[in-house]
Amino acid sequence: MITIIVPIYNEKSNIEPLINEIFGVAQDQLPISEVIYVDDASTDGSWEELKRLRAQYPSLRLIRHKKNSGQSAALWTGIKAAGNDLIVTLDGDGQNPPADIKLLWEAYTSHQEEFSRLAVLGERTKRNDNWLRRFSSRFANKLRAFLLRDQTRDTGCSLKLFRRRDYLNLPYFDHMHRFLPALLMREGVSLVHAGVSHRPRLHGQSKYGTLDRALVGISDLFGVLWLQRRSRKAHENNVYEELN
């Protein structure tokens with residue numbers, strides 16, 4: 001069974017239409033048994049809107065941070081609380097259509113026997129953002145892919161499917177969600193990519209600028225490089241003998 005994790009911060013206007021879509025998809029032959037919204041200390045009434053909708057959707061679970069901690073922290077909180085081993089992550093801004101969860105599920109089931117540990121990553125075939133965000137994202141993705149060799153064209157797409165146990169094995173740090181492919185590969189998880197769609201944002205404002213993301217991302221990038229070079233895989237593959 002699948003748990004959907006949706007981290008939000010000040011997305012009140014996007015909550016009801018997105019939840020309606022998610023639960024509509026859950027009825028479309030997909031094994032989704034719970035949806036967890038993690039409110040990262042919103043100040044716009046998002047929490048009250050979620051509580052209003054909770055009565056309509058019994059399998060909707062709600063978690064609220066007492067202070068704003070960022071997207072990586074919200075994802076970590078939701079995934080730790082999940083009752084299923086299969087996780088799908090989805091942004092709360094409505095730009096990733098929940099109908100595309102089916103594409104990830106189909107890719108997962110078709111490769112499940114091929115790989116013992118597997119994650120399916122959405123890649124946006126066409127981005128509906130302004131030119132500056134598209135340009136900065138392309139530059140960051142190319143730099144990251146060149147240095148980390150993570151086999152991924154678009155790490156910024158939030159739509160991903162992976163096992164809860166694999167995620168919780170990863171080293172936690174702020175902004176880690178931007179480097180999930182490289183971190184999963186470091187733990188021996190195989191990656192499969194699926195093309196997904198991307199919609200314009202209809203309500204609210206993006207929580208990320210371009211310069212601030214670039215400056216933080218550079219230091220994080222070198223941190224992930226450091227982690228890659230100290231991977232446990234080399235040690236785990238050692239042949240050894242024990243004297244009894």
Side-chain angles (χ1 to χ4, degrees), residues 2-26 30 32-82 84 86-104 121-124 127-130 133 137 154-162 164 167 174-178 180 196-209 212-213:
I2 295 173
T3 294
I4 309 294
I5 306 292
V6 187
I8 64 160
Y9 176 67
N10 288 349
E11 295 286 0
K12 180 180 179 181
S13 298
N14 292 311
I15 290 173
E16 183 170 10
L18 186 58
I19 285 179
N20 290 339
E21 280 193 85
I22 291 172
F23 281 95
V25 166
L30 287 174
I32 299 170
S33 66
E34 67 177 357
V35 177
I36 301 178
Y37 262 69
V38 182
D39 180 8
D40 192 27
S42 294
T43 58
D44 68 340
S46 290
W47 181 245
E48 289 70 27
E49 179 72 354
L50 285 169
K51 289 192 293 183
R52 182 182 70 82
L53 293 166
R54 176 67 176 80
Q56 184 177 347
Y57 297 105
S59 57
L60 174 63
R61 296 176 57 192
L62 306 180
I63 300 173
R64 187 185 192 187
H65 283 171
K66 291 185 177 180
K67 65 177 183 178
N68 183 256
S69 303
Q71 186 171 351
S72 287
L75 285 170
W76 193 268
T77 296
I79 292 167
K80 282 195 298 182
N84 297 314
L86 280 182
I87 302 294
V88 169
T89 58
L90 183 70
D91 270 349
D93 58 14
Q95 291 193 259
N96 290 125
D100 285 349
I101 295 172
K102 189 173 184 178
L103 301 176
L104 273 62
L121 312 179
E123 290 188 336
R124 293 165 288 191
R127 288 194 60 173
N128 278 286
D129 286 319
N130 63 53
R133 287 180 62 82
S137 180
D154 179 19
T155 61
C157 179
S158 67
L159 197 54
K160 296 177 173 68
L161 187 156
F162 47 82
R164 177 179 180 270
Y167 186 89
D174 199 14
H175 308 296
M176 67 171 286
H177 66 281
R178 301 178 185 174
L180 194 56
V196 298
S197 52
H198 189 243
R199 305 184 292 202
R201 174 184 269 273
L202 297 180
H203 306 287
Q205 295 182 340
S206 172
K207 310 307 181 294
Y208 302 101
D212 56 343
R213 293 186 72 179

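In what follows, residues are counted from 1 in the order of the sequence shown.
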(request) Check whether any side-chain N or O of Thr3 sits under 3.5 Å from a backbone N or O of Glu34 as a donor-acceptor pair, and report yes or no. (result) no

(request) Supply the atom-to-atom distance Leu161 CG to Leu103 CG, rounded to the nearest 0.5 angstrom. (result) 11.5 Å

(message) How close do Arg54 and Leu62 get, counting heavy atoms only, and between which atoms?
(response) CB-CD1, 4.0 Å

(request) Please list, chain by chain and in numerical order, all residues satisfying salt bridge (Lys or Arg N to Asp or Glu O under 4.0 Å) with Glu16, sequence neighbours excluded. (result) Arg52

(request) Please list, chain by chain and in numerical order, all residues satisfying side-chain hydrogen bond (donor to acceptor under 3.5 Å, both in side chains) with Ser33, sequence neighbours excluded. (result) Asn84

(request) Give a yes or no answer on whether the side chain of Asn10 reaches the backbone of Asp44 with a donor-acceptor pair at less than 3.5 Å. (result) yes

(request) Could you tell me whether the side chain of Asp100 and the main chain of Ser197 form a donor-acceptor pair under 3.5 Å? (result) yes

(message) To the nearest 0.5 Å, what is the distance between CG on Leu50 and NZ on Lys12?
(response) 11.0 Å

(request) For Asn68, check side chain to side chain contact (heavy atoms under 4.5 Å, CB included) against everything at least two apart and list the hits. (result) Tyr9, Asp40, Ala41

(request) Side-chain contact test, heavy atoms from C-beta onward, threshold under 4.5 Å: evaluate it for Leu159 versus Leu104 and give yes or no. (result) yes

(request) Provide the closest heavy-atom pair for Ile5 versus Gly78 in the form atom of the first, atom of the second, distance. (result) CD1-O, 3.4 Å

(request) With sequence neighbours excluded, tell me which residues meet side-chain hydrogen bond (donor to acceptor under 3.5 Å, both in side chains) with Ser42. (result) Asp39

(message) Quick one: does any side-chain atom of Asp93 pair with a main-chain N or O of Glu11 as donor and acceptor, under 3.5 Å?
(response) no

(message) Could you go through Leu30 and Ile2, starting from their C-alpha distance and side-chain angles, then the distance that decides it, and tell me whether this counts as side chain to side chain contact (heavy atoms under 4.5 Å, CB included)?
(response) CA-CA 8 Å; Leu30 287 174; Ile2 295 173; 5.5 Å; no

(request) Nearest 0.5 Å please: distance from the CG atom of Leu75 over to the CD1 atom of Ile87. (result) 10.0 Å

(request) List in chain and number order the residues that pass side-chain hydrogen bond (donor to acceptor under 3.5 Å, both in side chains) with Arg164, two or more places apart in sequence or in another chain; answer none if no residue qualifies. (result) none

(request) Take His177 and Ser72 through the side chain to side chain contact (heavy atoms under 4.5 Å, CB included) test and state the conclusion after the steps. (result) CA-CA 6 Å; His177 66 281; Ser72 287; 2.6 Å; yes

(request) Determine the minimum heavy-atom distance between Ile8 and Ser46, stating which atoms define it. (result) CD1-CB, 3.9 Å

(request) With rounding to the nearest 0.5 Å, note down the distance linking OG1 in Thr77 to CD1 in Ile63. (result) 6.5 Å

(message) Applying side chain to side chain contact (heavy atoms under 4.5 Å, CB included), can you list everything that pairs with Pro98, at least two apart in sequence or on another chain?
(response) Leu18, Glu21, Ile22, Val25, Leu90, Ile101, Arg199

(request) Quick one: closest heavy-atom pair of Thr89 and Phe162, and the distance? (result) CG2-CZ, 3.7 Å

(message) Under the rule for salt bridge (Lys or Arg N to Asp or Glu O under 4.0 Å), what residues qualify as partners of Lys102, not counting sequence neighbours?
(response) Asp28

(message) According to ring pair (Phe, Tyr, Trp, His ring centres under 6.0 Å), does anything in residues 54-77 pair up with another residue at least two apart or in another chain? List the pairs.
(response) Phe23-Tyr57, Trp76-Tyr167, Trp76-Tyr172

